[in-house]
Protein chains: 2
Amino acid sequence: MLVSTRGRYALRVLTDMAEHPSEGYTPLKEIAERQGISEKYLESIVKTLVQEGLLLGLRGKCGGYRLAKTPEEIPVGEVLRSMEGSLAPVSCLEEGQPACPREADCRTLPMWTGLDRVIRDYLNGYTVADLVSAGGI
Amino acid sequence: MLVSTRGRYALRVLTDMAEHPSEGYTPLKEIAERQGISEKYLESIVKTLVQEGLLLGLRGKCGGYRLAKTPEEIPVGEVLRSMEGSLAPVSCLEEGQPACPREADCRTLPMWTGLDRVIRDYLNGYTVADLVSAGGI
DNA sequence: TGTAATCATACTGTTTTGGTAGGTTTATTC
DNA sequence: GAATAAACCTACCAAAACAGTATGATTACA
């Protein structure tokens, strides 16, 4: 049931960027240093965030990344789903999955469906902006 | 974020036993056949359930397993926690974990704590008895 | 004493996870 | 137009987790 480090790191990157707004683009190196995460590892994470439309990347000198939306418009659930592929607690609830043959007789499906809903509702009611303003110190 | 097959199978075993009550002890072979799961694999799962006090095992001829409590007294959350070790979505929320050095400054901890609560509340409000009565066909 | 069951231990193959390395392309600046 | 700093791309690797199998010892009952 653990969220992967990819998911957690992605949230830290987006929160970091929301906390350090910039006119232009922020190079990944800067974020990696602030967060104490390997820049090379972050590359693969950030790549996914660009593909999912949460970040914009610009190449070349003075390039880097910037948020594609305001922090208020980025739900935590969307970030985690982007990184994990799905938020579903069991694979039969993942989209594009063929229907389970046991479905009609399954004793646990309603319980899983409810859990899925509870998790999704919680995570989509929480945005990156909330993360920033909730933070410590 | 997926629940392991161990957790899912454990729920199926307990639900199966609740649905097929017996005076004495039910041999694992019977449950494995009804559920279409390898008996050998179930052995390791059931062993954990005994250790966690959810099942009682009896050796020898006419032996088997029986529920240690009524289905109403077995919350789904307890079953899953027994199998997964913890229900926490991030390891810093697991019990017996040394406090994270970033804790005071962590932007995401309150969000994770809330998620943990939401999941635990949901899963502990659902019992094996509910699974049985919710079921299909 | 035979038998049917739990219990214990060890092993194995596959997938996922977390991470590294090296090179290519692109945009800016001098 | 060359140097540079950045994103981007591909490949690889080690360790851990997962799902499952195999073998054998122990126990309780008939």
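No hydrogens, no waters, no symmetry mates; every other heavy atom, side chains included, goes into these values. Here is how names work: the chains are called A, B, and so on, in the same order as the sequence lines, proteins then strands, and each is numbered from 1.
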Please give, in whole Å, the distance from D:dT21 P to B:Ile37 CD1? 12 Å
Measure CD1/B:Ile31 against C1'/C:dA5 and give the value in whole Å, please. 13 Å
5'-most contact on DNA chain C: B:Tyr65 or A:Cys62, nearest heavy atom basis? B:Tyr65
Determine the sole option in B:Met83, B:Arg81, B:Lys47 for which the side chain to side chain contact (heavy atoms under 4.5 Å, CB included) test with B:Glu52 is passed. B:Arg81
Protein-nucleotide distance (A:Glu39, atom CD; C:dA21, atom P), rounded to Å: 13 Å
Atom NZ of A:Lys61 and atom C1' of D:dA5 are separated, to the nearest Å, by 6 Å
Could you state the CD-P distance from A:Gln51 to D:dC8, rounded to the nearest angstrom? 9 Å
Hey, can you pull the residues of residues 1-17 of chain B with a non-hydrogen atom under 4.0 angstrom from DNA chain C? none
Just by distance, do the side chain of B:Thr26 and the backbone of B:Ser22 share a donor-acceptor pair under 3.5 Å? no
Please state how far atom CG in A:Leu58 lies from atom P in C:dT26, giving the value in whole angstrom units. 13 Å
Check whether any side-chain N or O of A:Asp130 sits under 3.5 Å from a backbone N or O of A:Tyr126 as a donor-acceptor pair, and report yes or no. no
Quickly work out the B:Lys29 NZ to C:dT3 C1' distance and round it to whole Å. 12 Å
Could you list by number each residue of residues 18-28 of chain A showing a heavy-atom separation from DNA chain D of less than 4.0 Å, or answer none if no residue does? A:Pro27, A:Leu28
Whether B:Arg12 and B:Asp16 form a salt bridge (side-chain N of Lys/Arg under 4.0 Å from carboxylate O of Asp/Glu) is what I want to check. no
Salt bridge or not for B:Glu19 and B:Arg34, using N-O below 4.0 Å? no
Do the side-chain N or O atoms of A:Ser38 get closer than 4.0 angstrom to the phosphate oxygens (OP1, OP2) of C:dG18? no
C:dT26 C1' sits how many Å from A:Arg59 CZ, rounded? 5 Å
Is the number of heavy atoms from other residues, nucleotides or ligands within 6.0 Å of NZ (B:Lys69) greater than 12? yes
No-hydrogen, no-angle side-chain donor-acceptor test under 3.5 Å, B:Glu73 and B:Thr70: yes
Mind checking the CG-CG spacing from A:Leu14 to A:Leu131? Nearest 0.5 Å is all I need. 9.0 Å
Does the side chain of B:Glu84 pick up a donor-acceptor pair with the side chain of B:Ser4 at under 3.5 Å? yes
Do the side chain of A:Tyr65 and the main chain of A:Met17 share a donor and acceptor less than 3.5 angstrom apart? no
B:Thr48 (side chain) donor-acceptor with B:Ser44 (main chain) under 3.5 angstrom: yes
Short of 4.0 Å, heavy atom to strand atom, which residues of residues 40-47 of chain B count as contacting DNA chain C? B:Lys40, B:Glu43, B:Lys47
